[in-house]
A.B. asks: 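Can you keep this structure in mind? I'll have questions shortly.
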Number of protein chains: 2
Amino acid sequence: MDLSCKIEYALLALLELSSCYASGDPLQIRQICARQSIPDRYLEQLLATLRRSGLVKSQRGARGGYLLAREPWLITLYDVVSCIEGFDTQSEGARPLDTLEASVIQDVWGEVRRGAEQVLQKHTLKDLLDQRNTKQQVDIMYYI
Amino acid sequence: MDLSCKIEYALLALLELSSCYASGDPLQIRQICARQSIPDRYLEQLLATLRRSGLVKSQRGARGGYLLAREPWLITLYDVVSCIEGFDTQSEGARPLDTLEASVIQDVWGEVRRGAEQVLQKHTLKDLLDQRNTKQQVDIMYYI
DNA sequence: TCAAAACCCCAGCAGAGAACCGGAGTATAC
DNA sequence: GTATACTCCGGTTCTCTGCTGGGGTTTTGA
């Protein structure tokens, strides 16, 4: 649930796709990577994962690329994170025994996790894009 | 901020110390490890860290052991986690560049993190102990 | 006194995952 | 039918976690 490099790359790519969503043209991996300076072969893997989860569509062949599968305000950050992290059903290696004390501890972390999921579900790709734009405005104001 | 094995061990050990806090007698590493089946050499390291952070005290020599440094209701889970995780000032390796998009993303994760910290700060060692006891009561009820 | 009981420091190791790179395909538009 | 783009598969390096071992040093209590 931490912000890994992997998740950040995926979100940056999706933001690029979001900002081009209105045009309807596909965006190529190279273009995304050039704008956000992401290693291209790495993003390729991430986009493949996103495609298999149905968050993006790909168009093969010349002048192909990637497209958002649905509108930017219908994709939450939780969708992205659970897709990339693979919602792996507690596949931690080498856990302590399942005693009464351990279950009480895990209850607390369940509470933490649910809180995090709520926050992530509140934000969509469109929100992020809007926030970026207002932030840019603020930066320009400071510049003047 | 995830629940690692390390943090779970530390909390289990602290819970053992909490339940013996009233007696005033120190608890030995071996006893803790025997009750919670924790690798003893590993817990030794964790307790050393907890001691350096002032969460536990140690008493050397024969019949020595570890004691909670203050009352169980004055130690929050946040204290424990930040001590063990070492609040390491974003020492992630290989981060993406610090663009406008990246900072918007990091803002969201800051929100997530603050939520998690609030939850952890709400719970003390005494809370966990109480929850364990009521849970035990429920188990007994089911048994009957 | 002195040896056992307990803590303390340092070092290394296996396994898993993250981040990344490269090669060889395969589908599609032009 | 070829260039363009995606797609599958595997390997490599690096870091972190969980764990183990070898030495100490301090202190108690018989």
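Heavy-atom basis, side chains included; hydrogens, waters and symmetry copies ignored. Residue numbering restarts at 1 for every chain, and letters A, B, ... go by the order of the sequence lines.
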A.B. asks: Filter on salt bridge (Lys or Arg N to Asp or Glu O under 4.0 Å), then keep only pairs touching residues 48-66 of chain A, sequence neighbours left out; what's left?
C.D. replies: none
A.B. asks: Using 4.0 Å as the upper bound for N to carboxylate O, is an ion pair formed by A:Lys122 and B:Glu111?
C.D. replies: yes
A.B. asks: Scan residues 12-24 of chain A against DNA chain C and write down, sorted by residue number, each residue with any heavy atom closer than 4.0 Å; if none is found, say none.
C.D. replies: none
A.B. asks: Between A:Arg52 and D:dT7, does any side-chain N or O lie under 4.0 Å from OP1 or OP2?
C.D. replies: no
A.B. asks: What residues in residues 25-47 of chain B put a non-hydrogen atom under 4.0 Å from any atom of DNA chain D?
C.D. replies: B:Pro39, B:Arg41, B:Tyr42, B:Gln45
A.B. asks: Along nucleotides 24-29 of chain D, 5' to 3', which nucleotides get a B, which get an S, and which get a -, given that the test is a protein heavy-atom distance under 4.0 Å?
C.D. replies: -BSBBS
A.B. asks: Can you tell me if A:Ser53 uses its side chain to pair, donor with acceptor, with the backbone of A:Leu50 under 3.5 Å?
C.D. replies: no
A.B. asks: Given 3.5 Å as the limit, does a donor-acceptor pair link the side chain of B:Gln36 with the main chain of B:Cys33, or not?
C.D. replies: no
A.B. asks: One pair to check against salt bridge (Lys or Arg N to Asp or Glu O under 4.0 Å): B:Glu44 and B:Arg41. What are the steps and the verdict?
C.D. replies: CA-CA 5 Å; B:Glu44 191 184 297; B:Arg41 308 293 265 124; 2.9 Å; yes
A.B. asks: Does this structure show an ion pair linking A:Asp107 with B:Lys135, if we count only N-O contacts that are shorter than 4.0 Å?
C.D. replies: yes
A.B. asks: What is the bend of the helix from C:dT1-D:dA30 to C:dC30-D:dG1 when you compare the axis at one end with the axis at the other, using five pairs each and rounding to 10°?
C.D. replies: 10°
A.B. asks: Could you pull out all residues at least two apart from A:Thr76 that satisfy side chain to side chain donor-acceptor pair (under 3.5 Å)?
C.D. replies: A:Asp79
A.B. asks: Are the charged groups of B:Lys126 and B:Glu71 less than 4.0 angstrom apart, N to O?
C.D. replies: no
